[in-house]
Amino acid sequence: VVNLQAEEHIVLLDPTIEQPEPQDPITKQPMQILDPIAKQPIEPVDVITQPKQPIEPVDVITQPNDNFDKTLFQQVEVTPEVQAKKDAILESIVSASLSTIERNIQAADDLDKAFFDKGIDKIGVSSTDAFGPHLLTSPQAIKIAISGKIFTGISKLAAEILNISEQNIERQLSRPVPILTELCNFSFLPDCTLAATSRYRTIDGSCNNLNNRLWGRSFTPFERMMPALYDSFDQPRQTSVFNGPLPLARTISSQFHAQSVLGDLMPDLSHMSMEFGQFLSHDIQRNALSTGYQGSNIDCCQPNRGDPCFPIEIPSDDPYYSQFNRTCMNFVRALPTPNLDCTMGQRQQLNQNTHYIDGSQIYGSDVATSNSLRTFVGGKLQTGADPNIPNLLPKDLNNNANCHLPSANSNVKCFLAGDVRANQQPALISLHTIFMREHNRIAEGLSALNNGWSDQILFDEARKIVGAILQHITYKEFLQAILGDTIMISYGLKPSTSGYFNGYASSVNPAIKNEFSTAAFRFGHSMVHDSLKYSGTSHLFKDVFLKPDLVYDLSGGVDTITKGLTDSYSQKVDERLSHQLTRHLFEQQPGFGGDLAAINIQRGRDHGIPFYMLLKTICNVDDNVHSPTVWNALNALYQTEFDIDLFSGGVSENSVAGGKVGPTFACIIAKQFQALKKGDRYFYENSGNQAFSPAQLDEIRKTTLSKVICRNTGITSIPSNSFVKDTGPSNPMMSCNGVSDIDYNQWKCGWSNWGPWTICVNSIRFRLRTCRQQKPCDANVCIGNAFQVQMCRTFIDADTSKIEALIQRFESVLAGQHKNDGVVDINTAQKALQKLSSQDIIKKNELDTNLVE
Ligand code: HEM
Ligand SMILES: [Ca+2]
């Protein structure tokens with residue numbers, strides 16, 4: 001994409017030997033390496049880069065400065081002539097500075113390489129402290145980020161040159177600039193001709209919205225509810241609205257997001273509610289984090305790494321980490337991306353998964369991943385990590401899915417799934433396994449109908465059904481439990497009990513909102529218990545993070561883990577999080593685990609998420625939604641309530657009536673799921689040419705998470721609603737024995753069985769059958785007649801040929817009524833029969849007294 005100038009670098013490394021100052025080979029002046037975006041000189045650490053071609057000391061900011069009429073960019077309302085002038089100015093700034101920005105990016109890449117060569121940034125799990133699989137950034141995202149860096153760098157530069165304030169950057173700079181558009185990954189649109197009439201979603205989510213073909217596609221930016229609030233245009237929000245630094249993320253975590261205690265259990269919801277939430281989260285969002293050279297993990301606790309780094313500082317009096325003398329926790333910034341319009345503007349972040357609820361965590365968010373998971377036989381997905389345990393996920397032979405393998409048992413391997421985070425902990429692996437099995441089971445069920453379907457149709461249809469089941473469980477059970485009736489009703493989130501949903505609106509952008517992803521939907525982190533219940537025992541999360549072992553346990557495994565989830569409570573959604581997450585996240589040696597609450601706060605700042613009070617106001621939430629103690633605790637930490645981070649302020653609100661999250665998060669979550677419903681052309685309840693038949697839709701509606709669990713594990717009984725732990729009259733235990741499956745007959749193609757014969761009228765009788773050609777059946781799947789006519793009396797001395805002629809005439813009359821879909825209804829047939837009775841031949845036969853039945 002970018003034509004970067006090739007510069008050869010000689011890297012001399014030895015931290016113990018004092019290195020000479022790097023010099024410009026021509027001017028012999030001391031050289032500086034530029035931080036690509038901040039343009040602050042980067043201390044060259046112990047790395048010396050000597051480009052053969054010097055970086056020209058052109059200051060693009062001061063150089064063309066005087067030629068531009070900056071006042072144009074202070075105006076809001078402009079005439080077309082003024083706009084044309086402004087566009088010309090933008091264009092000349094972009095062309096004047098593009099090569100400098102590119103060189104800065106190259107310099108940063110060179111720095112990455114040096115850290116890699118030195119063995120500081122490593123590939124693999126060992127140096128990922130606190131990140132684990134979340135760091136597995138796809139090459140595609142890294143590619144997009146190259147233009148992301150250009151767009152962000154150039155926008156910032158233009159804003160500085162033109163004196164555009166941070167608040168106005170979107171308004172003044174979101175104009176197409178041809179040279180930039182060429183560099184933008186979102187200016188190439190896919191061909192949607194086939195997808196426009198397809199019954200099936202594309203794998204990557206493109207062509208769902210036919211007016212905006214990239215909406216909801218994987219590898220597109222997160223959208224925002226509110227413009228970002230960065231420090232100096234694109235730097236993490238680190239300063240108070242009254243200046244001075246914000247409190248440290250780790251301090252807020254250790255002081256405010258303290259350890260949950262036993263009394264903080266949910267009164268009703270099971271730990272499965274937590275786990276389904278995470279599974280759903282992994283369907284709709286995966287942020288792309290910065291990586292080092294060749295995808296290595298950047299160690300941000302090394303000084304002077306510039307933009308990709310935003311390490312979490314640990315104060316020296318930390319209540320936990322101080323005993324390990326730990327002062328820093330690794331944290332890399334999320335990669336920048338151009339916005340979807342390919343215009344300049346604020347720094348944005350990239351979602352690597354399809355935004356839609358479409359089972360992409362099972363199937364992958366791009367065709368290559370999807371293909372790598374398929375068997376291409378019978379529509380099924382790959383299985384079989386262990387020959388002794390049927391239907392486990394497939395093994396990850398390259399072991400690049402980032403998990404810890406035991407040295408003792410070489411049989412144990414990481415698993416492969418549609419989302420790379422699948423190995424994060426065994427409960428997540430279990431849900432992945434269950435839904436992979438559900439897919440294969442449905443593919444088998446469809447295949448048994450003998451419709452003659454190819455592997456592709458079996459795969460597509462099973463995937464369509466599984467996606468619909470996921471959506472149904474999400475809206476019918478999960479959101480219902482989290483948001484409660486009032487919110488569900490006011491945002492139109494409740495599924496209908498019959499018929500189609502008519503609310504699809506092509507104007508609604510389904511994209512995951514940044515506020516939802518970095519804060520609101522992380523409410524689930526507060527629901528995580530200390531441990532996974534496992535039969536009579538339990539396992540602390542720190543002992544099972546990234547370890548697939550439990551799943552391979554021959555006397556337990558997926559069934560036992562799943563049973564443990566329905567059989568224990570979640571923690572309440574409140575400011576408290578388990579130490580398993582706030583001290584021991586992905587811990588590999590004592591004292592060196594991560595802190596997820598601190599990461600959530602830091603991530604929000606990295607993304608420039610505005611402070612809590614702003615979102616609360618946007619959501620129309622009243623004051624006094626915190627208990628006084630909690631509100632005081634928050635205000636003791638922050639200089640002002642206008643600094644409070646969205647995650648901290650939101651997660652600690654009192655929950656809405658009937659729901660489990662506070663009103664601000666409820667609002668953000670409800671808006672997001674409303675967009676995911678109204679903005680998804682393939683939403684399972686929609687009508688249209690991609691729709692389920694009404695009878696098929698009714699089958700989807702019968703599904704619950706408990707039934708899916710029953711159908712795919714050896715569990716024998718389970719609460720009817722597995723999101724609710726306690727059983728009783730409203731949530732009876734359900735036996736898995738004979739639990740209802742989908743009625744595949746609603747997918748059967750071709751003739752139905754014959755209906756019963758009619759009574760004998762005028763010597764003949766008939767029967768009907770229906771042609772089932774609902775989608776995805778072949779349109780000409782039925783050959784032959786939808787009816788059969790028969791003589792039903794025998795005549796003594798009868799003239800058989802005349803009777804046969806009668807039957808033929810009857811058939812031709814019926815055939816005249818034969819509808820296109822092959823269905824002849826009884827009334828039509830009966831009318832035809834009446835017409836026939838006026839015929840002579842019938843009259844003659846009626847007079848015959850020797851009729852025999
Ligand atoms: C044991 C359970 C869990 C662990 C260990 C875990 C861990 C993590 C980690 C390490 C991240 C990346 C943080 C960052 O770098 O910004 C993350 C992100 C996130 N988590 Fe969790 N999480 C868990 C459960 C959940 C649950 C139950 C939910 C929701 C109900 C959830 C929602 C999210 C969301 C929305 C993100 C942002 C995802 C993205 O866009 O990349 N997590 N989680
Ligand atoms: Ca998805």
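These figures come from a predicted structure and were not determined experimentally. Residue numbers start at 1 and run along the sequence shown.
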Quiz item: His355 side chain to Ile512 main-chain N or O, any donor-acceptor pair under 3.5 Å?
Solution: yes
Practice problem: Please step through side-chain contact (heavy atoms from CB on, under 4.5 Å) for the pair Ile742 and Gln696, ending with a clear verdict. | Solution: CA-CA 9 Å; Ile742 295 166; Gln696 290 169 345; over 6 Å; no
Practice problem: Examine the side chains of Gln382 and Thr375 and answer whether a donor and an acceptor come within less than 3.5 Å of each other. | Solution: no
Quiz item: Side chains of Asp460 and Gln456: is there a donor and an acceptor less than 3.5 Å apart?
Solution: yes
Quiz item: Any sub-3.5 Å donor-acceptor pair from Ser526's side-chain atoms to Phe523's backbone N or O?
Solution: no
Self-check item: Between Gln278 and Gln424, a side-chain donor and acceptor under 3.5 Å
Solution: yes
Self-check item: Closest contact, heavy atoms only, Arg603 versus Arg522
Solution: CG-NH2, 3.6 Å
Quiz item: Is NZ or CZ of Lys671 both nearer than 6.0 Å to the six-membered ring centre of Phe516 and within 45° of the ring axis?
Solution: no
Quiz item: If you take all heavy atoms of Ala417 and Leu373, which pair is closest and at what distance?
Solution: C-CD1, 3.8 Å
Practice problem: Using modelled atom types only, decide if a donor and an acceptor are shared between the side chain of Thr433 and the backbone of Leu393 within a distance under 3.5 Å. | Solution: no
Self-check item: Presence of salt bridge, Lys494 and Asp485, under 4.0 angstrom
Solution: yes
Indicate every side-chain donor-acceptor pair of residues 466-476 with a distance under 3.5 Å to a residue at least two apart or in another chain.
| unit_1 | atom_1 | unit_2 | atom_2 | d |
| --- | --- | --- | --- | --- |
| Gln471 | OE1 | Tyr684 | N | 2.8 |
| Gln471 | NE2 | Ile357 | O | 3.0 |
| Gln471 | NE2 | Asp680 | OD2 | 3.0 |
| His472 | ND1 | Tyr684 | OH | 2.7 |
| His472 | NE2 | Arg701 | O | 3.1 |
| Thr474 | OG1 | Leu470 | O | 2.6 |
| Tyr475 | OH | Phe673 | O | 2.7 |

Self-check item: Side-chain heavy atoms of Phe586 within contact of Leu546, under 4.5 Å
Solution: yes
Self-check item: Between Ser706 and Ser722, a side-chain donor and acceptor under 3.5 Å
Solution: yes
Exercise. Taking ring-ring contact (aromatic ring centres under 6.0 Å, His included) as the test, write out the residues that go with Tyr569, two or more places apart.
Key: none
Practice problem: State whether a side-chain donor-acceptor pair under 3.5 Å links Trp453 with Glu461. | Solution: no
Exercise. Quick one: do Val661 and Leu483 satisfy side-chain contact (heavy atoms from CB on, under 4.5 Å)? Show the steps, please.
Key: CA-CA 7 Å; Val661 293; Leu483 299 176; 4.1 Å; yes
Self-check item: Cation-aromatic face contact Arg463/Tyr200, 6.0 Å, 45 degrees
Solution: no
Self-check item: Phe545 and His584 aromatic centres sub-6.0 Å
Solution: no
Practice problem: For the pair Asp204 (side chain) and Ser218 (backbone), establish whether a donor and an acceptor sit closer than 3.5 Å, ignoring hydrogens and angles. | Solution: no
Quiz item: Taking atom types as modelled and ignoring hydrogens, do the side chains of Asp553 and Ser555 form a donor-acceptor contact shorter than 3.5 angstrom?
Solution: yes
Quiz item: Distance from Gln672 atom CD to Lys677 atom NZ, nearest 0.5 Å?
Solution: 14.5 Å
Practice problem: Taking the side chain as every heavy atom from C-beta outward, state whether Asn287 and Leu289 have any atom pair closer than 4.5 Å. | Solution: yes
Exercise. Verify whether the ring centers belonging to Phe415 and Tyr552 lie closer than 6.0 Å.
Key: yes
Quiz item: In terms of side-chain geometry, is the basic nitrogen of Asp386 or Lys413 positioned less than 4.0 Å from the acidic oxygen of its partner?
Solution: no
Practice problem: Examine distances only and state if a side-chain atom of Asn451 and a backbone atom of Cys749 form a donor-acceptor pair shorter than 3.5 Å. | Solution: yes
Quiz item: Between Ser740 and Lys707, does a side chain to side chain donor-acceptor pair (under 3.5 Å) hold up when you go through it step by step?
Solution: CA-CA 7 Å; Ser740 70; Lys707 287 187 187 175; 3.2 Å; yes
Quiz item: Less than 6.0 Å separating the ring centroids of Phe276 and Phe478?
Solution: yes
Quiz item: Does the side chain of Arg437 come under 3.5 Å of the side chain of Asn391 through a donor N or O and an acceptor N or O?
Solution: no
Quiz prompt | Taking every non-hydrogen atom, the tightest pair across Gly499 and Leu697 | solution = O-CD2, 3.5 Å
Quiz item: Do other residues, nucleotides or ligands put more than 12 heavy atoms under 6.0 Å from the CG atom of Asn409?
Solution: yes
Exercise. Might you point out which heavy atoms bring Thr562 and Ser430 nearest each other, and give the distance in Å?
Key: OG1-CB, 4.0 Å
Self-check item: N-O pairing of Lys572 and Asp574 below 4.0 Å
Solution: no
Practice problem: State whether the side chain of Gln285 and the backbone N or O of Asn351 hold a donor-acceptor pair below 3.5 Å, judged by distance alone. | Solution: no
Quiz item: Taking all atoms of both residues into account, what is the closest heavy-atom pair of Lys380 and Ala443, and its distance?
Solution: CG-CB, 4.2 Å
Quiz prompt | Residue from Leu540, Thr537, Thr560, Leu565 passing side chain to side chain contact (heavy atoms under 4.5 Å, CB included) with Leu532 | solution = Leu565
Quiz prompt | side chain to side chain donor-acceptor pair (under 3.5 Å), paired with Ser360, selected from Asn353, Thr354, Thr369 | solution = Thr354
Exercise. Please confirm whether His439 and Tyr363 have ring centers closer than 6.0 angstrom.
Key: yes
Quiz prompt | Pair Asp530-Ser578, side-chain donor/acceptor within less than 3.5 Å | solution = yes
Quiz item: Does the side-chain contact (heavy atoms from CB on, under 4.5 Å) test come out yes or no for Phe521 and Ile669, once each step is laid out?
Solution: CA-CA 7 Å; Phe521 209 64; Ile669 294 169; 4.3 Å; yes
Quiz item: Is the centre of the Phe435 ring less than 6.0 Å from the centre of the Phe279 ring?
Solution: yes
Quiz prompt | Polar side-chain atom of His271 near backbone of His529 as donor-acceptor pair, under 3.5 Å | solution = yes
Practice problem: Might you work through the side-chain contact (heavy atoms from CB on, under 4.5 Å) test for Gln746 and Asp698, ending with a clear yes or no? | Solution: CA-CA 10 Å; Gln746 305 309 336; Asp698 286 342; over 6 Å; no
Quiz item: Do Tyr356 and Tyr682 have ring centres separated by under 6.0 Å?
Solution: no
Quiz prompt | Inter-residue atom distance His257.NE2 - Leu577.CG, 0.5 Å rounding | solution = 7.0 Å
Quiz item: Hey, is Arg441 close enough to Asp741 for a salt bridge, meaning N to O under 4.0 Å?
Solution: yes
Quiz item: So, does Gln774 use its side chain to make a donor-acceptor pair with the main chain of Lys748 at under 3.5 Å?
Solution: yes
Quiz item: Do Glu685 and Ser496 have a side chain donor and acceptor closer than 3.5 Å?
Solution: yes
Quiz item: Do Ile429 and Val558 have side chains that get closer than 4.5 Å, going by heavy atoms?
Solution: no
Practice problem: Decide if atom CG of Asn753 counts as having more than 12 heavy atoms of other residues, nucleotides or ligands within a radius under 6.0 Å. | Solution: no
Quiz item: Are the side chain of Lys725 and the backbone N or O of Pro267 linked by a donor-acceptor pair below 3.5 Å?
Solution: no
Practice problem: Answer yes or no: is there a donor N or O on one side and an acceptor on the other, between the side chain of Thr713 and the main chain of Asp559, under 3.5 Å? | Solution: no
Self-check item: Non-hydrogen atoms of Arg421 and Arg286 that approach each other most closely
Solution: NH2-CB, 3.5 Å
Quiz item: Judged by modelled atom types alone, do Glu438 and Asn712 share a side-chain donor-acceptor pair under 3.5 Å?
Solution: yes
Quiz item: Side-chain donor-acceptor pair under 3.5 Å between Gln580 and Gln259, yes or no?
Solution: no
